[in-house]
Amino acid sequence: MSRRSFLRGCAAFGGVTALAASLAPLRELGDYTNTEQFLQKYYKELTPSDMTKVITRIEGEVERQYGIRPHVRDLKPMDGVEFVYALNLTRCIGCRKCVHACVKENNQSRSPEIQYIRVLKMPHGSMDVEKGNHNYDSKQVPEKGFFYMPIQCQQCKNPPCVKVCPVNATWQEKDGITVIDYDWCIGCRYCEAACPYWARRFNFTKPQIPKDKINPDMSYLGNRPRKQGVMEKCHFCIQRTRVGKYPACLEACPVGARKFGNILDPNSEVSYILREKRVFIQLKEEMGTSPRFFYYFDK
Amino acid sequence: MISFIRNYIIFLLRCARIAFIGDWRYYAWMGALTIICLLGLNAYAKQLVHGLITTGMSDEVSWGVYIANFTFLVGVAAAAVMMVIPVYIYGNEELHDLVIFGELLAVAAIIMCLAFVTVDLGRPDRFWHLIPGIGQMNFPQSMLSWDVLVLNGYLLLNVHICGYLLYCRYQNKKPTKWFYIPFVFLAIAWAVSIHTVTAFLYVGLGGRPFWNASIVGPRFLASAFTAGPAIIIIALQIIRNFTTYRIKDKALLTLRSIVQVSMIINVFLLACEVFKEFYSGTAHSASAKYLFFGLHGHYALVPWIWTAITFNLIAMVILSLPLSRGLRWLDVACVLSIIGIWIEKGMGLVIPGFIPTPLGAVVDYRPSFNETLVCLGIWAFGFLCYTVFLRMSVPILQGRLSKTNEGQIESEMYKLT
């Protein structure tokens, strides 16, 4: 063997070893994906029998991971229903009970913490969110001189997040709820940049939920556990509202500041509020997003 | 037909072979780049396992240095056009043979762009969802789907043009005009489009007033046409010094006038932006305040942007003076412009767009160590690609690697200098 070919051999061997060493962390990939997940079709292209298989897969995964067999459904929007949320700023006391009820209902990651609702503590008289305090830690709420403004996905009629998604992984359903197919999202976070309400959250790592905190009543487009690397956000508790229940945040509110219902039904509470209140506010109306989330005041 | 395929394969093999041959400096350089690449790959493997939590990004600042570098490099790729236009439209002689180096730079830059976008994805395993036909491409709604199309299209155009011209030179054949000239002109328009589309990626977001300004597009082009040719000048200087390839001073001076004019326009547009943000003093200028002066006690970007502005201004002065006809000074001005624009376009454009958040929170961003390693890895990979491209193309252009000397393994042929 000549000196040159020996050296070449050494270099090639060293190169391959170094490549293998640099890829070593991949051994921990674990259940990152599998063939079935990798090849899964887009939500809107799944036939009912495809969907049954997907749901069985998800139920199996949840059971393996959390030791509890969930009930996953693919709930469709109801006819003649368009959901609207109305929030009474005069009543809200900033207790953040809605935030925690939401986390519990929707199987949000506890570590790192993901929350869909952000409550701003605002000085009297201004609707400028930049004056809001996100991290207030008061012994007692409400504090004098402040009002509280909970903000979550505004379920816009013209959602910028839907427009920018390069793969149609997020879209607006017939009942006005903007949903995400967690199995289709590529995690580019363009929607997060586009949202004027900072309503979207990204799973920067594998979400952690204690086994005994899992809510087993799940829906495909709603609160089933998410994977690392995908977006999520408020979906008006699709697993509850599409079967005629109120969202968890509404039920948790101790002062009745939150109202939810079908705007197409003239007798609903939200129809009454939007008809009768002299002033209500769509946050950042100038964005042209036309939110289905309204803030209003008592006299 | 068979002999054509045979010849082409031999051409590719000889090109591949020459990439592994060089003097000790070449080996040292390539070895160092390979090590950095592997470190970056290792960092990326960690990121793939643990998620983007290994970066400094957060829900508040959801894009960081990956997208910043991507944005800068799209500009570098687009700038190849600044050599193509003088040659193919104005018939410039000095630059004629050098165009190919600019186009190869574009190829390397696009490869880096694609790498930077890929490492930014939370689910890179689902990249196929983007492919038209089998996936779901939100075209023409999403600017990101436009970007995927124009970037890959630009890559193909440049690979075709460079590959075809080099293969012709290898065979000592005159290139057939219709087989590349239409593509050259298409690539000119396409180069403008890749950078405009990338600007629109930001401009289209109504909820981010810092980006939602029509000046962002023109500024992107002006800064790209400064930094891109500046990088080409430095690359040509390196080719001149490390190979026997002759490059005339006049060619560099032609590029100098391009960098000169672009830098003046770039600084002017910056001034326009600064005026608009600060004179009106509306609530929408919070991001600009954060960038230039800091906001509510957060000053993370302030030293960066003032460094960028200082570098750009010094570069502009040097470029405007006859001083920069001296190549030393031209090098200095080019390096200053490259660094200045890298900061301004990267950290200076992407990060402040997120701060304050649409709900008014001010959260700083700092790239993590792992994230920095991934970036360095991609940059090293880009340099590696460009070095290999030059290693192949220089002997071909000089006629030392050609069909006529096929079969000869003269070590003479492979020499760098």
Side-chain angles (χ1 to χ4, degrees), chain A residues 15 18-19 21-26 28-30 32-33 38 42 44-45 112 114 118 120 128-132 134-135 151 160 162-169 183-190 192-198 200-206 227-231 284 287-289, chain B residues 20 31 34-35 37-43 45-55 57-60 62-63 117 120-130 135-139 141-145 147-148 201-202 204-208 211 283 286 353-354 356-361:
Chain A
L19 183 67
S22 68
L23 290 173
L26 294 183
E28 292 169 53
L29 260 183
Y32 184 76
T33 187
F38 178 74
Y42 180 49
K44 292 181 188 173
E45 288 174 352
I114 289 184
R118 180 56 62 101
L120 298 190
D128 178 5
V129 290
E130 275 181 38
K131 297 198 176 109
H134 290 239
N135 307 311
I151 300 173
V162 169
K163 192 159 68 179
V164 301
C165 176
V167 293
N168 291 319
D183 287 345
W184 194 257
C185 172
I186 58 169
C188 70
R189 307 186 298 297
Y190 196 13
E192 193 167 28
C195 176
Y197 306 101
W198 196 62
R200 292 190 159 241
R201 299 291 180 274
F202 184 68
N203 286 279
F204 279 91
T205 189
K206 200 171 173 182
K227 291 228 163 340
Q228 171 178 308
V230 300
M231 296 305 306
K284 304 199 184 192
M287 292 291 158
T289 47
Chain B
F20 288 93
T34 309
I35 289 169
C37 279
L38 289 175
L39 287 174
L41 194 63
N42 181 253
K46 284 181 194 155
Q47 180 189 307
L48 212 55
V49 171
H50 301 290
L52 286 155
I53 200 157
T54 53
T55 68
M57 290 184 268
S58 58
D59 277 319
E60 283 84 4
S62 49
W63 282 342
V117 180
D120 190 63
L121 291 182
R123 299 297 308 197
D125 54 317
R126 297 182 184 165
F127 76 95
W128 66 271
H129 297 178
L130 268 168
Q136 277 284 325
M137 187 182 246
N138 186 11
F139 185 83
Q141 299 290 320
S142 172
M143 279 299 125
L144 208 53
S145 67
D147 222 21
V148 170
L201 210 73
Y202 300 99
L205 305 182
R208 306 277 175 183
W211 294 337
F354 289 102
T357 69
L359 299 189

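Each chain gets a letter, A, B and so on, in the order the sequences are listed, and its residues count up from 1.
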Give me the ring orientation class for A:His134 and A:Trp198: parallel if the planes are under 30° apart, tilted from 30 to 60°, perpendicular past 60°.
perpendicular
Mind checking whether B:Gln47 and B:Thr55 have side chains closer than 4.5 Å, heavy atoms only?
-> yes
request  = Answer whether the closest heavy-atom distance between the side chains of A:Lys284 and B:Pro358 falls below 4.5 Å.
outcome  = yes
For A:Ala21 and B:Asn42 the tightest heavy-atom approach is O-ND2, 3.8 Å
Flag the one option from [options] with the top tally of heavy-atom pairs under 4.5 Å to chain A.
options: B:Leu201, B:Val117, B:Thr34; answer: B:Leu201
options: B:Ser142, B:Gly135, B:Pro124; answer: B:Ser142
options: B:Leu359, B:Ile35, B:Val148, B:Leu52; answer: B:Leu359

Among [options], which has the most heavy-atom pairs under 4.5 Å with chain B?
options: A:Val164, A:Asp128, A:Asn168; result: A:Asn168
options: A:Val167, A:Ile151, A:Leu120; result: A:Val167
options: A:Gly15, A:Pro196, A:Ala193; result: A:Ala193
options: A:Leu26, A:Thr33, A:Ile186, A:Asn203; result: A:Ile186
options: A:Met287, A:Arg201, A:Met231; result: A:Arg201
options: A:Cys185, A:Cys195, A:Ala18, A:Ala24; result: A:Cys185

Query raised in the report: Hey, do the aromatic rings of B:Phe354 and B:Trp211 have their centres closer than 6.0 Å?
Result: yes
Cut-off 4.5 Å, heavy atoms of chain B, and the answer for A:Phe202 is both
Under 4.5 Å to a heavy atom of chain B? For A:Asp183 that would be both
Discussion item. Can you confirm whether more than 12 heavy atoms, excluding those of A:Lys163, are under 6.0 Å from its NZ atom?
Written reply: no
**Asked** What do you reckon, is CZ of A:Phe38 surrounded by more than 12 foreign heavy atoms closer than 6.0 Å?
**Response** yes
Whatever's closer than 4.5 Å to a heavy atom in chain A on B:Ala283 counts as backbone
If one checks every heavy atom of B:Leu205 against chain A at 4.5 Å, the contacting part turns out to be side chain
Contacts of B:Arg123 meeting salt bridge (charged side-chain N to carboxylate O under 4.0 Å, His left out) (sequence neighbours excluded), chain-then-number -> B:Asp125
Applying side-chain hydrogen bond (donor to acceptor under 3.5 Å, both in side chains) to B:Arg208 and not counting sequence neighbours gives none
